[in-house]
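Structure, as structure tokens:
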Amino acid sequence: HFLKIFLRKMFLFLFFFCYGASARGADPECQTKVTGTSVKDKTAKKTPEFRLVTYMPPKRGTPGGRIGGGTRGKGEGFPVISVLAPDHTGLTTKAQPELYCYVSNPTNKPIEFTLNLEQEGKTIAHKGIKGVPEEGIWRLSLSDLGITLSPDTQYTWFVTMVLDPDQPSTDVFSGGAIMRVNPSDILQKKLAGAKEMDIPAIYAEEGLWYEALASLSRLIDEDPENKALHLQRASLLEQAQLERAAVFDRKAAGGVAPLQ
């Protein structure tokens, strides 16, 4: 059992080291569970005006990006999963941020979450996840895992669907990069007294991808049938070339469930 886990970790590390740079800008697709928003044929109760969310990638040098994905030709019965991360190292000001992933359809295959220190190639967290019951956008909270990110340290995170426990090379996975930074004075001034509906746009304008996505997803949790919010999140996802998740959100009117 420990040998299988070791081999799987080594396979992910070697893939990232050899092919991570070339994967930048690609539409990564993974297969795992992070938070769910199921599609329901309902009409939004209200469509309030909202501030357009425009993501401004950070100016600081942030290499890295999305990694891996796809169904590896296993057929339509296996879901496509994409980590909802930009094609560069996404920034957060949170010590325990929320991460998100899109899953295209249900699966009972084992799923794993892994967090690595990029420079050292060291795995600092590894957690098994229950299968995915339905298509959706799924949340993974680092606070639930007891994981705290250190400032100015780059991490890579992976969501993996295990097709064959005896053959780690057949795993289907997707990964992204994340770094914690200190909030700027400008950000804190913008957030002070800001309306709740404007907060995602403020984070996006300041280049904080993970906060922009998380704050918008939390608004959807509170009002899951609000089509305006789903369209807002779809727009944000499209700006990061996360087309499949964006298409889902344009059809969605459901809520987001926590990872189990």
Side-chain angles (χ1 to χ4, degrees), residues 4-5 8 12 26-42 66-85 98-115 125-142 144-145 157-176 213-214 216-218 220-221 223-227 229-231 233-234 236-238 240-260:
K4 294 175 186 176
I5 293 177
R8 182 164 292 115
L12 287 174
D27 181 16
E29 301 166 344
C30 101
Q31 311 211 347
T32 313
K33 175 179 179 178
V34 193
T35 65
T37 303
S38 58
V39 177
K40 299 178 182 178
D41 185 15
K42 295 182 179 180
R66 297 190 298 264
I67 306 160
T71 59
R72 298 225 175 184
K74 296 296 180 179
E76 296 182 358
F78 293 92
V80 171
I81 304 177
S82 299
V83 294
L84 300 188
E98 294 176 341
L99 307 178
Y100 290 78
C101 184
Y102 165 73
V103 185
S104 65
N105 52 287
T107 179
N108 57 6
K109 291 290 184 180
I111 294 170
E112 298 176 350
F113 166 77
T114 307
L115 181 69
H126 182 270
K127 175 181 173 59
I129 301 169
K130 293 180 181 179
V132 178
E134 60 188 352
E135 177 187 11
I137 291 174
W138 300 82
R139 175 188 301 115
L140 177 63
S141 172
L142 294 193
D144 291 344
L145 297 176
W157 59 284
F158 294 88
V159 178
T160 305
M161 182 172 66
V162 181
L163 299 182
D164 186 342
D166 295 322
Q167 299 185 43
S169 63
T170 66
D171 290 352
V172 180
F173 61 90
S174 180
L213 179 59
L216 190 47
S217 297
R218 286 297 182 181
I220 292 174
D221 286 351
D223 191 2
E225 297 180 25
N226 188 319
K227 290 185 178 181
L229 290 174
H230 282 285
L231 291 175
R233 189 167 65 179
L236 176 64
L237 296 171
E238 288 167 345
Q241 293 80 51
L242 293 162
E243 301 297 340
R244 285 188 175 90
V247 168
F248 165 79
D249 237 342
R250 289 189 178 281
K251 299 184 297 182
V256 176
L259 178 68
Q260 297 296 327

- Decide side-chain contact (heavy atoms from CB on, under 4.5 Å) for L145 and F113; before the verdict, give the C-alpha distance in whole Å, the side-chain angles of both, and the deciding distance to 0.1 Å. CA-CA 10 Å; L145 297 176; F113 166 77; 3.6 Å; yes
- Give the intermediate values and the outcome of side-chain contact (heavy atoms from CB on, under 4.5 Å) for residues L242 and Y102. CA-CA 9 Å; L242 293 162; Y102 165 73; over 6 Å; no
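Classification of E238 and R250 as a salt-bridged pair holds, one side-chain N sitting under 4.0 Å from a carboxylate O.
Atoms NZ and OG1, from K127 and T114 in turn, are 12.0 Å apart once rounded to the nearest 0.5 Å. Going from atom CG of L84 over to atom OH of Y100 covers 9.5 Å, rounded to the nearest 0.5 Å. Atoms NZ and CG, from K109 and D164 in turn, are 8.0 Å apart once rounded to the nearest 0.5 Å. L236 CG to S217 OG: the interatomic distance, rounded to the nearest 0.5 Å, is 8.5 Å. For the atom pair OG1 of T160 and CD1 of I111, the computed distance is 9.5 Å after rounding to the nearest 0.5 Å. For the atom pair CZ of R233 and CZ of F248, the computed distance is 7.0 Å after rounding to the nearest 0.5 Å.
Between A85 and G176, the closest heavy-atom pair is CB-CA, 4.1 Å.
In this structure, the side chains of L229 and L216 come closer than 4.5 Å at one or more pairs of heavy atoms.
For R218, the salt bridge (charged side-chain N to carboxylate O under 4.0 Å, His left out) criterion is met by E98, D221, not counting sequence neighbours.
Side chain of T107 to main chain of V132: no donor-acceptor pair is present (N/O by atom type, distance under 3.5 Å, no hydrogens or angles). Put simply, the side chain of H230 gets close to the backbone of P224: a donor and an acceptor are under 3.5 Å apart.
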